Chemist: 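One structure is given below, represented as structure tokens, and several questions about it will come after.
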Amino acid sequence: MTTLTSVARVEAYALGRAVPIATRRHLQVSDRPLVFVPLGMAGEANAPLACLVGDTPASPTLLVVPQPRNRDLRFAFAAQLADVVLSYVDSFTTAMDLVKDKAVFTDAPQLVVANPAAVEFTRLLGRSTRFRRADGPYPVDPAVPLLGRWLTWFADATERPGSSVTIALTDALAQIWATGQSALEDANLAALMGWIEPWDGLTGQQAAAQAEDPALWPPAGPATDPDFDERVLAGLIKSYDLASDGDERTRAEATIAAALRSQLEPTWRLMWRAVELLRSVEPASTVERRWLRDRQTFTTQVEYWRDGGAPQPRVDHAVRAAQRLAWLERDLDEFTVERALDDPLAMAEYRLSGEAFVGRVISVDATRVDTSGKRRKPRPLVVLATRDPVRLEPGTTVRSAARPGQDCRVISVAPLPAAPAEPANGAAPDVFVPMAVTLELVSGMGRALTPAPGSVPEVDDELCYSALVTNAGVQPKFPSREETPWTHGGPPVSPEVDLPTVDDAVEDWS
Amino acid sequence: MRLSIEELERRMDDLRADMRRAAAAGHSDLVRDLRVELRGLEGEWDKALAGLARERPARTAGPSGPTPAASLLPLREQVHHALTLLTVPAAPRLIVAVHQAFFGASIPNARLTSLRRDEEKSFRSAPFARPYYLCPALTADRLAPSRGLLSVSTWPLVDRLVGPLSPRVHFLVSAIKIAEAIERAPEYVPEAVRLLARFAANIPGGGDGREPGTVASAARAELVIHEETDRIAREKAAKRTQRLTDVQRLFGVRLEAVSLVEDAG
Amino acid sequence: MTDVEERLRRIRGGGEGKRHNARTISALTSNPGCTRRAVADLAGVDKLALSRHVGFPGQFGQSPFAITRGQQFEAQVKADGCAELITLLREHLMLSLPEVSYEDLNDVGGNTDNRLRHLETRNKLGRRDEPGTLFDHPMLTLDVAGRQVFLEPDLIAFQVKGKFHIVEIKSFAVIDGQADGAKVAAAAIQSAVYVLALRDLVTAQGMSPDDVSHNVILVTPKDFSNRPMVTFVDVRKQLTVLRRQLSRLTRVEELLDLVPDGLSLSLDNDPHDVTFDLGSIEARYMPQCLNTCELARFCRHEAQGSTYAMGRTVTEELGGVQTVTDVLDLARGVLPPTPEQAEAAALLRLAWSIRRESLGNAA
């Protein structure tokens, strides 16, 4: 939450409709995403009840577990889900590009779920299936452990900043629009969509209020509506349990499937509408590059498992955890900066905090030269006028997205002497203090003493400069796994790879 | 597989409960639907009752070694069977599990709650008319009916008392008795072995439960630690039962008046 | 009946009244500034029914599956004198082999009166000659705003060489050593309420409050199975917060002074009157209330047009300005700020201007 997004929320409230807080989307939206709407049984760690899944809006696959506490039915569901998910993932392994002498799949799969809770459900489902075995005392269909690896891969991807492999719609939409309600209420997909695209001529408030009524809008899941559980589902599952023969059981199962479908379908339709909405927002220029990274990650993963690689371990050992943290921090930095450079509304945050400013060039000294060192260097001075609350210290390096490769040093920030009176509408004008920011160009002017033509800004140019830099510096060195220092638990005793154990298969279903 | 009459009764009970809830919530449509279902079940129950006399008993699927006639035995006989095997007071859960493991048919857990009430009513109307009664175990401190435990009236009273260490003692004795029953059984009883495994996991040295002998000796080893203290506590409590009425001796004393006098400790 | 009792009874409109429990107490302390909730809970008002009565049917049900699962898991852990728990405590608490005693405090000789159970609990826990080990559903008390509230933790475990431990059985799973953070946090603060109450009890029995451990034993299903595991949860931070908030909690008499005489939330009264009366007790709404308090929708409706309805941080980010209209008017420069608002107004005007510019530059 920032001042700018809070102002946007207030705006949205007054307008009765969500307002944009980004002018670009920073996520890739696939041409063919896999939309997944799971429902889980209340009170259980991860007992799937049903799901709708598919890559085509018109033809979802409905999978149902009529008695979620029945282990066999649970894994039959997993096997059927594996069919859908694995064939979807496989469909992206047919064509490759050559990028910097390495072959990369031309596209990557994308999982779309409604909210972060659904990501967590996916993660747990992956965890509960990837260590199963096709042999031994509690065998499962061999596709099931592979499903588990991929579900885990999709869920883990959400931790990598800038990755679009998995999209949680409430998060993705909230990055682009601010509603007039709280962030907590935004976690309800139907309410959020009600603000963004209110239906039936209602205001955002009215649509969101409707969306909160589970009788009108079944929850997006994975949690079911407790009232639905009480009034409908409990009785249907009991009938299934008491069915005396195969025919009765089939009938009971069909009834359960129909009831659960009615809970899932509205969300399914809503999610595809949300995907369309996201797609309609212009992508930032760096989206393609980040998606390439996702494609590379996907390619590496496919090859690793094809070559017999192991499933993701249960818990990271200390060195890998530290490595992962360092990568995540670096990725987050990079992503944050890219977003600001791509999107004026994202840059606005830094303008408000004083780390960036938009100004108009009012004077240029293009011939200024630094004679202090051994060689003489061109050091033009540029002065910009701005009304932004600049808080840059002299000596800070700044850059402009419009002038890549050109570093500038801040020389001074001072009030403009004869500030023109602001055309007031009755308000105090002293809030906007016109400032003069003097910058010294340090690079990006070519090799000669005279700056190359066009390499120096001209009077009346409007430019945005920011002190945003990425930590693309030296990576910290990490010890090998065997050399894990005692402060981090010492070298791990367990093998590098987590093997399925009997404990994973043994379950006590009472 | 035709539903047994007991299962029909259970379904009917559940349906009635559903109807009450639906009516309280004002869902008249649902109440109507449920009533239709109830009528159907009642018809089936009539038929089942009529057929009981004529038919051969149905085999239940599942555990091996079932006694075909077991599902037709009155509920109280089934409970008596299980308790006799265990020789100590037990909770309905364990009674059901033991009966299922050794005698095949399953006892609906819900029926057991009405059993205690029915046994007391039966005794009050005709004391000692039956050879035995299924009655609660009694707490050692107040001789009150123990909340969850059933026992047999013909057992010595001291064995029906529950002191602070008794639950653990009962647990260990049950393990021993189940282990012995497995060794005695003429054929392999996999469900009983699974039941024993749950005991074994909670007895030091019990192993994985697949060796009944190991479980029994581990249980006996720990039993030695507790049984003396437990017996003393129960015998002390037994002395206070002399002035109880017959009903109280079987079904316990309830504390009605609340006199808040602090215990000397 | 005392004055206070009479007033509280009038406020809730007669009847038994809902009991305070650990959950409502911990909620009291997470939003201590909300008089409305404090009064409703002290008076034992059925907040769900009240919410419905004033036009906001609640959505606070629990799924029957979750209820059943919770009951089943608790029954499993407590079965056979807590056999599975004893195994875990022998391993994790170094419980010695003879320590297996089990006392059932759910009732006293079939009688479930709270005061009686509390007395029995004090007596049994206070025995020094034959200390027990496990106590099932003991009845504790805690002073909340000057009133005695009865609290019932799942279990108390006592170790001869050590201390008393509160044991809480929850049916959410701990997978690979990790669990839902929000659920663990809620369990921790509820357990801290029990720790406080138990410390009061042992002190009254002449023992030291340090005899009650600040480590609570959380029993949960392990991974995806039904088998229980234990986690020790250090609740010292929660204890500090609780003690502070409880001591600041206005005495009930003072709270009632804030409430107009004759105020009644009785469900027998006309909904309009009740709406008026409920509205006349000051509230402190925040979005988190939606997850924790049955009255939230009523208070949210009341808070419409405020900035804090969108979250406390939103109000802070907007320089503390309380209403949407004020924010917009200050930001657009049409409302001259008061001296206290000057800083906020400057921030808002800057933000507004930069935002408008950035939206305009979107192409």
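Just so you know, these numbers come straight off a predicted model, no measurement behind them. Letters go in sequence order (proteins before strands), and every chain restarts at 1.
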Chemist: So for C:S353, is it side chain, backbone, both, or neither that comes closer than 4.5 Å to the heavy atoms of chain A?
Modeler: side chain
Chemist: So which part of C:Q304 gets closer than 4.5 Å to some heavy atom of chain A, the side chain, the backbone, both or neither?
Modeler: both
Chemist: Non-hydrogen atoms of chain A under 4.5 Å away: do they reach the side chain of C:A331, the backbone, both or neither?
Modeler: neither
Chemist: Work out which heavy atom in A:R387 is nearest to a heavy atom in C:L350; give both atom names and the distance.
Modeler: O-CD2, 4.1 Å
Chemist: Which one of A:Q205, A:E212, A:M347, A:E282 has the most heavy-atom pairs closer than 4.5 Å to chain C?
Modeler: A:E212
Chemist: Given side chains that start at C-beta, do those of C:V324 and A:R9 come closer than 4.5 Å, heavy atoms only?
Modeler: no
Chemist: Heavy-atom pairs under 4.5 Å with chain A - which of C:G70, C:G305, C:G311, C:G319 has more of them than the others?
Modeler: C:G305
Chemist: Under 4.5 Å, counting heavy-atom pairs only, tell me which of C:A351, C:G61, C:A309 racks up the most with chain A.
Modeler: C:A351
Chemist: Starting from the C-alpha separation in whole Å, work towards a yes-or-no answer on side chain to side chain contact (heavy atoms under 4.5 Å, CB included) for C:R69 and A:M41.
Modeler: CA-CA 10 Å; C:R69 167 80 161 130; A:M41 186 179 228; over 6 Å; no
Chemist: If you tally heavy-atom pairs under 4.5 Å against chain A, which of C:N291, C:V314, C:L348 wins?
Modeler: C:V314
Chemist: Checking C:P221 against chain A: side chain, backbone, both or neither under 4.5 Å from a heavy atom?
Modeler: neither
Chemist: Looking at C:E317 and A:T3, what are the two nearest heavy atoms and their distance?
Modeler: O-OG1, 3.0 Å
Chemist: Not counting sequence neighbours, which residues clear side chain to side chain donor-acceptor pair (under 3.5 Å) with C:Y102? List them please.
Modeler: C:D136
Chemist: I'd like to know whether C:F65 forms a side chain to side chain contact (heavy atoms under 4.5 Å, CB included) with A:I237, so could you lay out the CA-CA distance, the side-chain angles of the two residues, the decisive distance to 0.1 Å, and finally the verdict.
Modeler: CA-CA 11 Å; C:F65 302 123; A:I237 292 183; 3.9 Å; yes
Chemist: Test A:R314 against C:D223 for side chain to side chain contact (heavy atoms under 4.5 Å, CB included), laying out the working first.
Modeler: CA-CA 11 Å; A:R314 285 176 192 76; C:D223 294 337; over 6 Å; no
Chemist: How many angstroms lie between atom OH of A:Y350 and atom CD1 of C:I354, to the nearest 0.5 angstrom?
Modeler: 14.0 Å
Chemist: With respect to chain C, which residue among A:A346, A:G180, A:A14 yields the maximal number of heavy-atom pairs within a distance under 4.5 Å?
Modeler: A:G180
Chemist: Quick one, C:P287 and A:D186 - any side-chain contact, counting heavy atoms below 4.5 Å?
Modeler: no
Chemist: Could you walk me through whether A:E185 and C:R300 pass the side chain to side chain contact (heavy atoms under 4.5 Å, CB included) check?
Modeler: CA-CA 12 Å; A:E185 290 153 291; C:R300 178 177 63 172; 2.6 Å; yes
Chemist: For the CG atom of C:L290 and the CD atom of A:Q181, what is their distance to the nearest 0.5 Å?
Modeler: 9.5 Å
Chemist: Highest number of heavy-atom pairs under 4.5 Å with chain A: which of C:L328, C:L318, C:D180?
Modeler: C:L318
Chemist: Of all heavy-atom pairs between A:P226 and C:P64, which one has the smallest distance, and what is that distance?
Modeler: O-CD, 4.0 Å
Chemist: Using non-hydrogen atoms and a 4.5 Å limit, figure out which bit of C:L335 sits close to chain A: side chain, backbone, both or neither.
Modeler: neither
Chemist: Holding to side chain to side chain contact (heavy atoms under 4.5 Å, CB included), I want the full list of residues that pass it with A:L124, two or more places apart in sequence or in another chain.
Modeler: A:N46, A:E120, C:I175, C:F224
Chemist: Can you name the nearest heavy-atom pair linking A:T23 to C:S358, along with the distance?
Modeler: CG2-O, 4.4 Å
Chemist: By a 4.5 Å heavy-atom criterion (distance strictly below it), what part of A:P68 contacts chain C: side chain, backbone, both, or neither?
Modeler: neither
Chemist: If you count heavy-atom pairs within less than 4.5 Å of chain C, which of A:D388, A:D225, A:V7 leads?
Modeler: A:V7
Chemist: Hey, could you give me the OG/CD distance between A:S6 and C:E316, rounded to the nearest 0.5 Å?
Modeler: 9.5 Å
Chemist: Rounded at 0.5 Å granularity, tell me how far CE in C:M310 sits from OG1 in A:T179.
Modeler: 8.5 Å
